[in-house]
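Just follow the structure's listing: the first ligand is 1, and inside any ligand the first atom is 1. Below, all heavy atoms of this structure are taken into account, side chains as well, without hydrogens, waters or symmetry copies. Computed from a predicted model, the values in this text were never measured in an experiment.
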Amino acid sequence: MMPELKQFVPSSYCLKCRGCCRFAESPTIWAPAGCSLVKNNEGYRCSHLNETDNHCKIYKKRPLDCRLYPFLLIKRGSSLSLGLHKSCCFIEEKKPSLHDTRGYTDYLKKIVSTRGIVSLIKSNPHVAADYQGDVEIIAELNELYKKAYLPRLKRLTLQDKPLFDKYLRAHTTNLSAYHFVNIYIWKDLFHISWAIIENSLCVFYQDAIGMFMILPPLGKVSVEAIKKCFEVMNWYNQNSEISRIENVDEKDLAAYTRAGFKVKLKDTEYIYVRKNLAVLVGNTYKHKRASCNHFSKYYKRAEFLPYRPSMFKDCLGLYNLWMAKRKEENNDALYQQMIEDSMVSFNAALKSYRNIGLRGYVVKVDDEIKACSFGYPLHKGMFCILFEICDLRLKGLAQFIFREFCRRVDGYTYINSMGISDLDNLKKVKLSYRPLQEVKSYSIYQ
Ligand code: SF4
Ligand code: SF4
């Protein structure tokens with residue numbers, strides 16, 4: 001049911017005027033959406049106009065655009081505003097000031113935000129258009145834009161895992177980001193929300209800086225879905241340069257570049273043959289082997305055990321110890337922030353350990369946890385090691401827990417040790433294990 005709107009221009013004035021319902025060309029954005037135009041002596045007229053008495057034949061049911069005029073819904077990019085068409089004969093003659101229109105503008109702002117009008121705009125999005133010419137913007141309608149044009153975003157919860165797993169499983173990749181664990185554990189640093197857009201699952205991260213996507217739309221690569229995602233991000237971001245899609249696989253890049261998106265390298269992940277890391281044979285691994293042997297020799301009573309949730313506090317304590325030591329060694333502000341953020345995700349990961357599909361082990365020395373490591377299976381052949389935290393004072397412990405973890409996940413052919421986040425030292429360590437392959441991830445910008 002179309003709501004009746006109070007009219008700004010008195011109908012007695014309009015009935016004597018030939019300004020509306022007639023158009024110089026067809027098609028034109030000035031014609032109300034859904035109305036057909038017919039030729040007349042001056043150009044075109046709306047088929048519902050009775051030219052003899054200048055009445056609208058469907059006045060009671062006329063479209064929203066007709067009810068609003070000379071006010072217009074103006075959509076430009078990711079913004080929506082209320083405009084006034086100054087070429088309306090009444091406006092031209094009376095020249096109302098902003099002060100004169102304020103009361104009516106406030107009335108319209110309120111009424112266009114009601115549920116009825118929002119669903120009208122949703123079902124007929126072309127009611128708002130990029131009107132040019134003698135048009136004055138008189139109010140921003142950002143909230144209306146969100147309600148009418150953007151998909152409703154749902155906050156991520158653990159209950160969403162089965163749906164996410166379905167979409168993630170359908171995407172073949174070796175990049176570690178494509179797993180529920182690696183999405184969910186950042187929930188305390190970002191507001192994580194999602195929506196199904198053009199049949200694709202789209203995941204958005206948002207913090208004080210802005211909004212971005214942690215993964216590309218999951219489903220068949222569709223330019224429409226990507227454009228819609230940027231529309232969502234641009235609406236939330238003050239600066240559209242923040243809008244980006246992270247963790248795009250190399251094999252999918254062509255679809256983005258073809259559609260004119262910009263590509264930037266984000267990170268490099270390292271893939272290893274698991275068996276090599278589990279046995280550490282040959283000259284290549286002699287230093288790693290020596291480190292493991294050193295640890296085994298000096299800490300004979302060390303135990304390698306599966307993680308249990310009762311170990312949560314001790315593992316968190318170990319992270320704090322490890323972080324303090326790392327901060328002492330490296331005072332780079334970015335690095336320090338990174339390991340602090342990582343602690344927040346470590347905490348979230350361990351709290352939901354049982355529910356998100358994480359697997360972990362600890363090393364106890366004299367009944368005290370001195371190292372812990374956690375990971376998850378990315379697909380049938382690949383296991384990702386997500387965290388490895390050690391008491392750095394115990395020589396050879398890092399090499400020992402890594403080797404033992406690789407021995408335990410013997411159902412997987414490959415290990416992904418994750419990215420390097422631009423850290424040269426981390427890169428050196430990853431390379432020292434002789435990766436089989438480097439996998440690059442990319443970010444996409446508009
Ligand atoms: S141009 Fe203005 S005054 Fe003329 S009919 Fe349209 S709304 Fe009324
Ligand atoms: S629907 Fe009625 S008011 Fe709207 S353009 Fe056509 S004739 Fe004019």
Checklist line | Phe90: numbered ligand 1 atoms lying under 4.0 Å from its heavy atoms | finding: 3 (S)
Note to self: For the CG atom on Asn54, are there more than 12 heavy atoms of other groups (residues, nucleotides or ligands in this structure) within a distance under 6.0 Å?
What the structure shows: yes
Checklist line | Pro63 near ligand 2 by a heavy-atom separation under 4.0 Å | finding: yes
Item checked: Nearest neighbour in protein (non-hydrogen) for atom 2 (Fe) of ligand 1 -> Cys88 SG, 2.4 Å
Next item on the list: Salt-bridge test for Glu51 and Arg45: reply yes if a basic N is under 4.0 Å from a carboxylate O, no otherwise.
Entry: yes
Item checked: Carboxylate-amine/guanidinium proximity below 4.0 Å for Glu328 and Arg326 -> no
Next item on the list: Identify whether the distance between the nearest side-chain nitrogen and carboxylate oxygen of Glu250 and Lys440 falls below 4.0 Å.
Entry: no
Checklist line | Distance filter under 4.0 Å to Tyr69 heavy atoms, resulting ligand 1 atoms | finding: 6 (Fe), 7 (S)
Notebook entry, point to check: Of the listed options (Cys56, Ala31, Ser47, Cys66), which comes nearest to atom 4 (Fe) of ligand 2 when hydrogens are ignored and any heavy atom counts?
Noted result: Cys66
Check: Would a line drawn from the ring center of Phe180 to the ring center of Tyr376 be shorter than 6.0 Å?
Finding: no
Checklist line | Result of checking Phe71, Tyr131, Trp30 against His85 for ring-ring contact (aromatic ring centres under 6.0 Å, His included) | finding: Trp30
Next item on the list: Check ligand 1 against Cys89 and write out every atom of the ligand that is under 4.0 Å from a heavy-atom position of the residue.
Entry: 1 (S), 2 (Fe)
Next item on the list: Identify, for atom 8 (Fe) of ligand 2, the protein heavy atom at the shortest distance, and state residue, atom and that distance.
Entry: Cys21 SG, 2.4 Å
Checklist line | Contact atoms of ligand 1, heavy-atom distance to Tyr13 under 4.0 Å | finding: 3 (S)
Enumerate, atom names and distances included, each donor-acceptor pair closer than 3.5 Å involving a side-chain atom of residues 58-65, sequence neighbours excluded.
from  : atom 1 : to    : atom 2 : distance (Å)
Tyr59 : OH     : Arg62 : NH2    : 3.3
Arg62 : NH1    : Tyr59 : O      : 2.8
Asp65 : OD2    : Ala33 : N      : 3.2

Check: In terms of the angle between their ring planes, are Tyr353 and Phe374 parallel, tilted or perpendicular, with boundaries placed at 30° and 60°?
Finding: perpendicular
Margin query: Under 2.8 Å from atom 4 (Fe) of ligand 1 - does any N, O or S atom of Cys17 fall there?
Written below: yes
Note to self: Can you report which non-hydrogen protein atom sits closest to atom 6 (Fe) of ligand 2, along with the distance?
What the structure shows: Cys46 SG, 2.4 Å
Next item on the list: Mark up the atoms of ligand 2 that fall under 4.0 Å of a heavy atom belonging to Leu49, in ascending order.
Entry: 7 (S)
Next item on the list: Run the numbers for me: atoms of ligand 2, each under 4.0 Å from some heavy atom of Pro32, listed by number.
Entry: 5 (S)
